[in-house]
Student: 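Have a look at the structure that comes next, please.
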Amino acid sequence: MRYAMAIDTKKCVGCSDCVVACQTENHVPIGYCRDWVVEVMDGTYPQLEMEIRSERCNQCGNAPCVRCCPTGASHFEEGGLVLVTADKCIGCGACIQSCPYDARYSHPDGHVDKCTFCNHRVEVGGKPACVEACPTKCMYFGDLDDPGSDVSKVLKTRKSKTLIPEAGTEPYLYFLI
Amino acid sequence: MREEIIISGRMNPNIDPYLHIWHWQIPLYLFLGGLAAGILFFSAYNHVTGKEEKYRAASYISTLIVPLLLVFGLFSLFLDLKHKMYFWRLYTTIKLESPMSWGAWVLMLVTPLSFILAAINLKKVFPGWKWKYPLMQTLDDFFENYRRTIAWILVVAAPILGIYTGILFSAFNARPLWNTSILGPLFLVSGLSTGAAVNILFSKDHAERLAFTRIDLVLIGIELFLITHMFMGFMASTQVQIDSAKLFLGGPYTAQFWVLVVMLGLVIPAFLEILELKKFKIPAIVPAGLVLMGGLILRFILTNAGQMSRWLY
Amino acid sequence: MASRRDFLRVSAFGIGGMFVAAAGLKLQASISDLNERSDKLYLNLIKTPTYCEVCFWKCAGWVYKTDEGEIWKIVGNEIDQHCNGRFCPRGTGGVGMYHDEARLKTPLIRTGERGEQKFRKASWEEALDMVAKNLQNIADKHGPETIALLSHGSGGKYFTNLIKALGSDSSAAPSFSQCKGPREIAFLNTFGEEVLSPERTDIRDTRCMVLIGAHIGENMHNGQVQEMSDAIDKGASIITVDPRFSVVAGKSKFWLPVKPATDIALLLAWIHVIIYENQYDAGYVEKYTYGFDYLKQHVKNFTPEWAYGITTIKPGTIRETAREMANASPAVIIHPGRHVTWYGDDTQRLRAVAILNALLGSWGRRGGFYQPESMPVPSAPHPPYPKPRKTWRDALNGKFNMTELPLASEFVEASLPDSDRDLQYKAWIVNGTNLIFTLPDQQKTIDALKNLEFVAVVDTMPMEITAWADVILPECTYLERYDSIRNSPHRLPSIAVRIPAVDPKYDTRSAWWMAREIGLRMGLDDYFPFETQEEELDWQLKELGTSLEEMTRKGVKNFERSWDDLYIAKGQEMEFFTNTGKIELYSTSMAAAGFDPLPVYTKHELPPAGFYRLNYGRAPMHTFSRTSNNPNLTDLMAENTLWVNPKISKIEGIENDQYVWLENSKGIISTFPIKVRVTERIRWDSVYMVHGFGHQNKMLERCFGKGASDTELMSIVHKDPVMGGTGMRGNFVRIHIEKPQEELS
Ligand SMILES: Nc1nc2c(c(=O)[nH]1)N[C@H]1C(S)=C(S)[C@@H](COP(=O)(O)OP(=O)(O)OC[C@H]3O[C@@H](n4cnc5c(=O)[nH]c(N)nc54)[C@H](O)[C@@H]3O)O[C@H]1N2
Ligand SMILES: Nc1nc2c(c(=O)[nH]1)N[C@H]1C(S)=C(S)[C@@H](COP(=O)(O)OP(=O)(O)OC[C@H]3O[C@@H](n4cnc5c(=O)[nH]c(N)nc54)[C@H](O)[C@@H]3O)O[C@H]1N2
Ligand code: SF4
Ligand code: SF4
Ligand code: SF4
Ligand code: SF4
Ligand code: SF4
Ligand SMILES: [Mo]
């Protein structure tokens, strides 16, 4: 099993519903977020191109945040999920330093927090909150090992990319381009 | 024009607009760790090579402050932890891939040894020293027998500690500025240099002072070489590393780094030390103080600038 | 045929809560109970149905609470056609409206001058007595028709009932004269029907959609965004006409960076190409339309070459895009937009849009415009309303005869000290509209507010408008109250309910309760026959064949259509609700009223040297000024920015993130500075900002002084002579690096 997410940059409108939906679903405190939206503009008026991406932890296959964690609080779980066990985390910040995507933050309670691919929902057969909220339905989630999953299907038919593959982290957050 | 912006207002504290998760605690911890490593290394080396009586300050006196340095260092690390009540979790696993983890374990080894070393050195520094409790005296006698063994352990462990202070940074590929294998050697050498500076300060013996002045000069020379090498490496690397080097080459850290670290912390003390070797009268506190200050600032600047260097946005 | 037309008449102008018997409408259980499926995910948590009040799309959803009974999250109701189970960011962030600590917490009574923001706490008893007494005084002294209601949002129905019972029919919403009025009048005079809300655009099945200044994706009206995304998936082409590189421009096959204020020229050129290249739907035009020959003659000289000189859009592009539309016909939508009060000739521009749609045969066709249907919800039984001695039309002094609804901006005119209107207003009840930020020409609104004898404001937040109230009545948020039944028209007629998820926080009440309490104090008991809102709703729902109990479980109920006419059947005989019974390419009503029966292009003023056109719009994470203090949504966007082209930033010597002040051509200076965003997305002759920021009420702790207000810079208003819409895009500003000194006068 290998969970992954794909986001269609051609449909994403940058509305940020994925961000609020995550905030309410996961009780992310006001002033913090587990996901965010990036707008990239290129060109000179009126020859312009725009890409909009909803970003979050890439649930990396080769996760430096797991490697550098001194307590094992950051760890891999079934499906390749990279998770943080709050009561093992000492809040040293090493994993924050190690993430090239700046996907982690220090929760006001002290431990480190980040996107979990909504493990608690996925476990019971649901989809992540952001995926289910997105009004443009531009987010695809599922198991890459299952050729019938939403994400496998869309990655088969569409061109995609990952962010900074050169950092060598093996990201599993794809962007359809 | 190219624009790349976060439009969902991400402002995670200490992550945005640039990373600042490590404040003063970590660089202070690294400085104290490096300094302790330097002092311990020279002391152990003297013991191993049988020069302990020749260089008494380095072998005995300076070691008295090491437990303090390490305790302050660890305390400072503790202050950095944001989930303090779970501190003990550090010692429920050993994770060799995590510099934080093995650093913690190296300190677990070095800190008790530094206490023992300081304790058995008390009588060497203060000839009339008497322990109040007989138990302490027994322990003192016991460990005195292992002075050589402790020295052998430390002659290996101290450099590991010194290197660790740099590897802690260079393990983070995610911060382009830290992503260089030179930081380990650089911090080790810098730690040794600050250790030498303390020895110069504490030594009453002219020959010992001259010896450590000579050593320090060599160390400063190596440091300057490593720094040059580091920038050359960055400039020949990827765009993100070029950008990170630019923090020091015209960017916001240019003045701080070249004036405070390179000039005041390395070049000027080296110059003064050369004068000293040429028999000019230079108060020891000046070059030694500058070296210590330079070492501290180096770590502060690399901590902050490293966190400013990034891959995205 | 006739019955459908009557029915439409009602739903189009259903503002007065007209009663239509539910007889003849077959009721049916909802399509399927998809909601049950999602339940197992959320275990045994309590969920309460609601429909969203963060904007006027009114998506139905579920409110979830935590084990501790705190409001946790809101998600869409899967069977709701407005949202298909997915909310927009504002709806999801609606929880912030409830949690916002800046909310109004008790009734307040003014102690200082109007606008001074000096209030004291009062009990409901005292506050309601005061409102009732003042309204009674004014009714006795000047006549009840001098009491006006300005309202936007769901509680409006209850206050409308109140003032009608008193004998006033002056109830206006800013969503007409500041928003979609010109569009509705233009379509009414072309197709005999309005576009309505939700728009009847069949986006999900379209093959080509043309967006003229409609920035769907930033304009986050949920159903449209969702269907646009579906259409993109299915390969539909989008043509966006916008001087700014909007989000949807970035997703379009063609982006036409039109010169501002020249859209009519482009539309006429498109019509020209489609007619003279024989690209129109000849069968449809022949069968259903009136005035084709006039139109053909009219656009003869409006060639793409002619339009090029005006719009800066290349003739080749105009032809290519016209063919793109024609190829998709009839599954093509020339989108009518929604906030269309731009330059004062808006009804004419929207007429051109309507005509283009008619030529391509998209009205009533799959992938074009479907024919919506809504449920006729009966209002509580009551004696007939007294006939007003003067009506809102008397407040217009013969102007804007073609409007079908009252105009909020004209209520202001009729409340000014020097007003010469036949009907002059003496008291306002303001419910759920922040008029200070909503109506252009802010000074006029303030002058009117100063001149009124009594002002009561019903709101949830201490907004700018509340500062002008004599009495502030704090409403609880939509998550804490029952409300009127949502019966917006859609593909299937449907209803949705709002059930309180929690008890009101603070000493706040619902509009239903307030209106009734005031009514009872004024002896209008007969108009408020139910003692509780539950009883009223249950009665209404039973008339519709369901009950409050069922609706509390389901939230939404979709019914079967009473006529199988979502689209016009092939060859179907149709009679349109116009003078000629046809789709009027040539408008006979406009001609009779002395307006151009066919749209013409008129030139608009250009920005003077050193000034830029003030362009404005929406950000997907905010609704006007109402969400600016919402903790969840300020997290996404805390202030608006001033978009400036890089060329202009050089000329003006300003940089990204620098704060600047704006001054309009009438010398009005922005109260607060605004942060610059240097971007290629905006033309060099304009600057752009999102509407709804620059709040001036200190009680709005989170958003006070953040960003600038577009409204305060709108001193020039180009009124639409046809229906009185307030054209707001003709304002020009210049940029100041330092705060300029106000000139002494
Ligand atoms: N400058 C400028 N002016 C504009 C526009 C623009 O883009 N720029 N847009 C125009 C358009 S399209 C429209 S539709 C109008 C919209 O104009 P308004 O509807 O006036 O918009 P808001 O500013 O959101 O004001 C809504 C008010 O309702 C209050 N409110 C929110 N929820 C509730 C509730 O549950 N009960 C009660 N009683 N009150 C509540 C809010 O606190 C706020 O004071 O504005 C028009 N005016
Ligand atoms: N997130 C969010 N969504 C909303 C709302 C909200 O407050 N927030 N409000 C809702 C309401 S009530 C309404 S009425 C709608 C309004 O939504 P729309 O009808 O889509 O909005 P407008 O404000 O008319 O359009 C703004 C666009 O018009 C462009 N424009 C400016 N001048 C010109 C011009 O001369 N020609 C052309 N072709 N384009 C021009 C601007 O660059 C901008 O992209 O949005 C609705 N949706
Ligand atoms: S909710 Fe969907 S459309 Fe909106 S920003 Fe997130 S991914 Fe994009
Ligand atoms: S994105 Fe960052 S936090 Fe997530 S797995 Fe990769 S390195 Fe770790
Ligand atoms: S902050 Fe927590 S999760 Fe991160 S590395 Fe330290 S202990 Fe591990
Ligand atoms: S998957 Fe879940 S945790 Fe991750 S960003 Fe989406 S909602 Fe948040
Ligand atoms: S479009 Fe968004 S804000 Fe408007 S009603 Fe729907 S969910 Fe609420
Ligand atoms: Mo509107």
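In what follows, chains are A, B, ... by sequence order, proteins preceding strands, each numbered from 1.
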Student: Taking C-beta and beyond as the side chain, do E3(B) and V40(A) meet within less than 4.5 Å on heavy atoms?
Tutor: no

Student: Using non-hydrogen atoms and a 4.5 Å limit, figure out which bit of L90(B) sits close to chain A: side chain, backbone, both or neither.
Tutor: both

Student: Considering non-hydrogen atoms only, spot the tightest contact between P100(A) and A174(B) and give its length.
Tutor: N-CB, 3.3 Å

Student: Non-hydrogen atoms of chain A under 4.5 Å away: do they reach the side chain of I6(B), the backbone, both or neither?
Tutor: both

Student: If we define contacts as heavy-atom pairs under 4.5 Å, which of W105(B), W102(B), W178(B) has the most with chain A?
Tutor: W178(B)

Student: What residue in L312(B), I5(B), T93(B) has the most heavy-atom pairs under 4.5 Å with chain A?
Tutor: I5(B)

Student: For S106(A) and I21(B), run side chain to side chain contact (heavy atoms under 4.5 Å, CB included): C-alpha distance rounded to whole Å, both residues' side-chain angles, the deciding distance at 0.1 Å, then the answer.
Tutor: CA-CA 8 Å; S106(A) 171; I21(B) 197 78; 3.9 Å; yes

Student: Under 4.5 Å, counting heavy-atom pairs only, tell me which of G168(A), P64(A), G31(A) racks up the most with chain B.
Tutor: G31(A)

Student: What are the two closest heavy atoms between H83(B) and G91(A), and how far apart are they?
Tutor: CB-N, 3.9 Å

Student: Using modelled atom types only, decide if a donor and an acceptor are shared between the side chain of N12(B) and the backbone of C33(A) within a distance under 3.5 Å.
Tutor: yes

Student: Of the non-hydrogen atoms in Y32(A) and P13(B), which two are nearest, and what is the gap between them?
Tutor: CE2-CD, 3.3 Å

Student: Counting heavy-atom pairs closer than 4.5 Å to chain A, which one of W22(B), F87(B), Y91(B), F169(B) comes out on top?
Tutor: W22(B)

Student: Please step through salt bridge (charged side-chain N to carboxylate O under 4.0 Å, His left out) for the pair E55(A) and R10(B), ending with a clear verdict.
Tutor: CA-CA 11 Å; E55(A) 300 182 8; R10(B) 188 178 91 166; over 6 Å; no

Student: So, the side chain of S8(B) versus the backbone of V37(A): is there a donor-acceptor pair under 3.5 Å, distance only?
Tutor: yes

Student: With I90(A), which of R89(B), K82(B), M85(B), K84(B) fulfils side-chain contact (heavy atoms from CB on, under 4.5 Å)?
Tutor: R89(B)

Student: If you count the non-hydrogen atoms of other residues, nucleotides and ligands that lie under 6.0 Å from NZ in K156(A), is the total more than 12?
Tutor: yes

Student: Taking R175(B) for its side chain and Q97(A) for its backbone only, find out whether a donor-acceptor pair lies under 3.5 Å.
Tutor: yes

Student: Please name the pair of heavy atoms, one in A94(A) and one in M100(B), separated by the smallest distance, quoted to 0.1 Å.
Tutor: CB-CG, 3.9 Å

Student: Under a 4.5 Å heavy-atom cut-off, does chain B meet the side chain of Y45(A), its backbone, both or neither?
Tutor: neither

Student: Looking at F72(B), I want to see if its CZ is surrounded by more than 12 non-hydrogen atoms of other residues, nucleotides or ligands under 6.0 Å.
Tutor: no

Student: After noting the C-alpha distance and the side-chain angles of T71(A) and T92(B), does the key distance pass the side chain to side chain contact (heavy atoms under 4.5 Å, CB included) rule?
Tutor: CA-CA 7 Å; T71(A) 64; T92(B) 55; 5.6 Å; no

Student: Looking at R2(B) and E49(A), does any basic side-chain N land under 4.0 Å from a carboxylate oxygen?
Tutor: no

Student: For residues V66(A) and K95(B), report the shortest heavy-atom separation together with the two atoms involved.
Tutor: O-NZ, 2.8 Å

